[in-house]
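Structure first, then comments.
Being a predicted model, the structure only gives us computed values, none of them experimental. Computation of the quantities below employed the complete heavy-atom set of this structure, encompassing side-chain atoms and omitting hydrogens, waters and symmetry-equivalent molecules.
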Amino acid sequence: MNLSSAMAAAAVPLPSPELSEVWSPISWSNCHVPLAWKFVDQALSARLASPILVLAILSSRVIPSRRRKPVAYRLYMELLRRHAFSFAFQIKAPSFKKIMVSVDNVLQLSQAFGIQACEPGILVIEFVFCILWQLLDAILDDEGLQELTPEKKSKWETITQDMEVDGIDNFDQKSVEHNERLQKINCVMAIELIAQFLQHKQIAGLICLARDNMPSQWRLFSQCLYLLVENSLALRNSTIPLEGFLQLVSDKYGVFCRELNSNQTKGIHVIASSRLLMSPHGHCHGLNSALWIPIDLYLEDCIDGSVAATSAVELLSGLVKALQVINSSTWHDAFLGLWMASLRLVQRERDPPEGPVPRLESRLSMLLSITTLSIADIIEEEEENLISQGEHTNQWKEKAVGGKRRRDLVSCLQVLGDYGSLLVPPVAVVSAANQAAAKAIMFVSGIKGGSGYLESANLIEKTISCAGNLRHLIVEACISRNLLDTSAYLWPGYTNGRINQIPHTLPVQVPGWSMLMKGAPLTSAMVNALVATPASSLPELEKIFEIALSGSDDEKISAATVLCGASLVRGWNIQEHTIRFVVNLLSPPIPVNHTGSNSHLISHGPVLNVVLTGISSVDCVQVFSYHGLVPELAGALMAICEVFGSCIPSITWNHPGGDEVSAHAVFSNAFILLLRLWKFNHPPLEYSIMGDGAPVGSQLTPEYLLLLRNSRVLSCDGMKNIDNVGHTSSTSSSSSTHPIFVDSFPKLKTWYRQHQACLASTLSGLVHGTPVHQNVDSLLTMMFRKVNKGSNQSVGPGTSGSSSLSSSSGLGSEDCALRPNLPAWEIMEAVPFVVDAALSACSHGRLSPRELATGLKDLADFLPASLATIVSYFSAEVTRGVWKPAFMNGIDWPSPSANLSTVEEQIKKIVADTGVDVPSLVAGGSSPATLPLPLAAFVSLTITYKLDKASERFLNLAGPALESLAASCPWPSMPIVAALWTQKVKRWSDFLIFSASRTVFHHSNDTVVQLLRSCFSATLGLSGTPLSSNGGVGNLLGHGFGSHFCGGLSPVAPGILYLRVYRCIHNTILLTEEIISLLMNSVKEIAESVLPKERAKKTKNGMKYGQVSLAAAMSQVKLAAALGATFVWLSGGSGIVQALVHEILPSWFLSVHDLDTEGGRCMRGGVIHSLLGRGLAYFVVYCGMFAWGIDSTHALKRRSRIIEAHMKFLASAFDGKISLGCDWALWKAYASCLLGLMVECAPSWVVEVDLKVLKRLSRGLMQRNEDELALALLCKGGVEAMGTAAEAIIAGERTE
């Protein structure tokens, strides 16, 4: 007391670092004198000395000498117990900066942890972590466990290097035994002290910060802690529970973070936590399926037929991870939700309508390949982390083999068998499902027949009685990717058949993959069998790929045919490998002995043509899109187009089947497939209007595709993938492993520039007498030779690109009827002028519509690739409005009147559930229907095609182009086109009429809003009926459509209609604003439907409705937010999400809104405002998760910029710098819930926010009594915020 008074009188700042450095040696020098330690204890209690400095000095001296001086070690730990938990007064001391330097020098903290101890909070974290680690190392060393640690030694000095002058000889036997007993007691006491550290809220909070921000050091520490839990005899013999240690080892956030989350979510998620209280209504095929509606919507959107450059595997795995976090679900539930959504996708269209759209094969690919690969990525991510965390120890490697996610996948697939209605296989895959079931039965029965038994369908039917389902196919897909092993065959109820008789021998010479692997030649029967049956393993694919590269010419063609057969479309277990082999076939390596100026691709013409025709179907293109190989495919196709487009058509090859393949044919097949990979016929204005707000994956141009392709080639992952695919032979690696650009293909670049110019402005630039003019004249003569022969005038080009009638064609002999022997690129350059001349001649009456259609068909037959330029020309001209309309009267042009009224009736039936009125198709009076002349010409051209296999790949280009062209024309152009086409092709009627029904929404924003309103009502069950009676994914997406259902076409679910309409909506900003408005209205309706009308009950914590009612309301609010966010993300991609967070929402909050919630003063109105704010917060977080992801590894500069800008907006509102127009209760609920969701679900977002902004937000939250959330926000701020967060935790000492 005297010393304290004297120092106070002398104005010496306390605690004094000088006294701390003096008293530490006193206690150590008199370690056997209890009074010395008591004196130090009193000095620390009186705050004369700094506890942190005294304990740092003592720890560096006592712990290494603990065996010689166990009493001192025990007294040291007692000081730790009493004084290690008080930091608040120390960091406020005037001399703490000097103390910080001393502590850092004594313990070498900055050097040990790699973070400079320049802030009080950081120093305290490192001090606590160091003391805890020193105690742990001492325990492991005392129990002989240090050799089991990764480093084989202690991180801290645990054994003194000084000579022991007090040797063992100075002690008698009793003293030695006494010391040993003390050492054992000290070991237990150290364990108790560690447990006390873990149970102390502030200390545990500091440890949690160390865990989050020092990953490498924490990994080593946690491994040591794991060794202690697993092997410590002292721990097992003590009465200390293991839970604290085990939780610190296994939990994601640690003890304090769990407590912190539970506290900070008390005010947010009591009503937002809806998972347990969610009612089962509105769920299709299983409980809580509404939680996973974004997955259903994304999967269904993938079946639209649009091509995406990014992998569906990556998008789907990111989507599942985001939903798993925000739904607070287990991975078992997340995987089950994903499988059930994929199964619903298949069941929704078991027999899709015919047309140029994806069919069942695409849906099965999503279920059995893409979904499986997405889950594989999720599981691999966890197990790689586990292995990296324990890469030095075998124990951790053993644990990583079977991670939690893998175990949850197993349990999920076992439960999946209970959903029988979802597992019924479509007719087309019944045989494959039975085969998978038979394989399991054979395994359980011990039959070892290899794949030979399974390749004989007749043998399976005779031998085994079983009924397979889609779960059997799912399990096989998982086994093939090492997600499961064959123990799955032993699951209860998995095998449900029996073996009738056991064949002793396999039928001899059954063509199939097993015979191929034994060396059988590729005979005609063998090729047919391999084309019809998918390969079952990667070695089988590698075998056929080797033959395609190095076999004879006939074998190469046969092998290429096999690779593009069932293995590509239905080889779900190896599909990701098949498509890479196919791309490699399109980019064959340059032979070592290749010489000359001609490209090596020319000699591969027959094989390339087989591959190009084999992958031309809609489903094949979708498979490439799903797996993200569109950029690589585009790069290969560009090279083929460049080479074969420069060849004259007389270069031909003989196909083994007797057909002749020309250079024009190879070029056309490659060019048309290339153009199907992006919206080539859409004007550049569309992209400039939409900007970054284009739908997901829609901004595909040649430049963008090559940019993606080059980035993958140059990345290590891209090179690894290429090597993995082609590892079987030195010749299997692709020659296209270097960056390529549009400039690499000068002919293609010239056409592309001309194509863009044609879309942007009227045609011009044709100069008389040039080669192009001569080519135009030759093509026109070829197309209209019969017209020219019967008239003194002929169709010919003018000098400016417009048509004129020359007095003579200049070619009066029979040679004018011959097809010009020109390279394809020269023909493509002339085609726009040719079509312009022909259309102008028809407009002026010099060509009849029939002659125009016939001439265009002759041009397309001569060079099928010219169909693409015809499409782009008509697409551009129809938007200019300079052509007179064509009267579809049945005389000049075909008439749709025969079934136009039927089309109108069916369109009305399709949109019946949306509440949208369909304008009449039949105009008053007797006037015939009209179409813009370019559209009428294109319709007439497409009608001339036969619907056969040869024309399918061309109609796959023309069909969607015709729909897009008609949709851009005034109503009712598309219904007229549908009526015309259904007269020719009855089996396409469902597709055409549905396409026509979509255009109802293209011409009015009000119809789109009404459609969205129908989607919200269908999902939430808000159509004036009780909330528990309907709603969910079944109402939103329905169960398919088509005349194959009883009663003909049925109303299409609103969600399906929206997914097929939104790509034509260019103003995504307006769309997003409408979705926000609908979300707000939906939340109000939910509140009015669920919350009781009576006044809320008053509790000591404020007003509160019944927990069940409020939880039910919040669950529906969350569902509405997920639905709206999914629509925004799909409709506008990351660009519109950026606009939402950066522009739309701030404007919305600044504006005044009449939300009509019974007045803000009403308690019920206040709760509704609170629900509105929370719904908006969930909406924003969903949008951000879908667009940007939640992983720090995928952090984007754009994401960090936008999030920080929005956080500044929130901070300015907290600071009172912004005047808000919305209700304050709404704003408060929004801000608190948004920040809480970021902390809990997307902590990587918080790390990207500037520390100054985080401090402002934290201060604003504290002013509103949100202390726990304010602290949690700082704790997730990363290394930069670590010191500030620690100081906030320490400050909590004074408030407790």
For this session: Give the ring-plane orientation class for F1186 versus W1129, where under 30° counts as parallel, over 60° as perpendicular and anything between as tilted.
Result: tilted
Exercise. Parallel, tilted or perpendicular: which fits the ring planes of F1209 and H1206, with parallel below 30° and perpendicular above 60°?
Worked result: parallel
Point-to-point distance, once rounded to the nearest 0.5 Å, from [atom1] of [X] to [atom2] of [Y]:
X     : Y     : atom1 : atom2 : result
L345  : D296  : CG    : CG    : 8.5 Å
I125  : I1289 : CD1   : CD1   : 7.0 Å
S328  : D333  : OG    : CG    : 11.0 Å
L422  : R471  : CG    : CZ    : 12.5 Å
T1284 : L1251 : OG1   : CG    : 4.5 Å
L1036 : L1059 : CG    : CG    : 7.5 Å

Hey, does [Y] have a side-chain heavy atom less than 4.5 Å from the side chain of [X]?
X     : Y     : answer
Y1058 : L1012 : yes
W331  : V320  : yes
L1145 : L1176 : yes

Between the main-chain N or O of [Y] and the side-chain N or O of [X], is there a donor-acceptor pair closer than 3.5 Å?
X     : Y     : result
D301  : L297  : no
E1204 : D1250 : yes
T1019 : G1032 : no
S317  : E314  : yes
R1199 : G1189 : yes
S1232 : A1229 : no

For this session: For residues Y1230 and F1149, establish whether the separation of their ring centroids is below 6.0 Å.
Result: yes
Search all heavy atoms of [X] against all heavy atoms of [Y] and return the closest pair with its distance.
X     : Y     : answer
S342  : L367  : CB-CD1, 3.5 Å
S1134 : W1188 : CB-NE1, 4.3 Å
L1079 : A1121 : CD1-N, 3.7 Å

For this session: Please determine which of L484, L416, T372 meets the side-chain contact (heavy atoms from CB on, under 4.5 Å) test together with I474.
Result: L416
Seminar exercise, completed: Paired with W292, the side-chain contact (heavy atoms from CB on, under 4.5 Å) test is passed by just one of N327, L319, L336, namely N327
For this session: Test side-chain contact (heavy atoms from CB on, under 4.5 Å) on L343 and Y419 and set out the steps.
Result: CA-CA 10 Å; L343 287 167; Y419 299 91; over 6 Å; no
Problem set entry | Side-chain ion pair, E382 and K321, N-O less than 4.0 Å | no
Problem set entry | Qualifying residue for salt bridge (Lys or Arg N to Asp or Glu O under 4.0 Å) with E383, from R406, K404, R405 | R406
Exercise. Taking it one step at a time, do I378 and F335 satisfy side-chain contact (heavy atoms from CB on, under 4.5 Å)?
Worked result: CA-CA 10 Å; I378 293 171; F335 290 150; 4.1 Å; yes
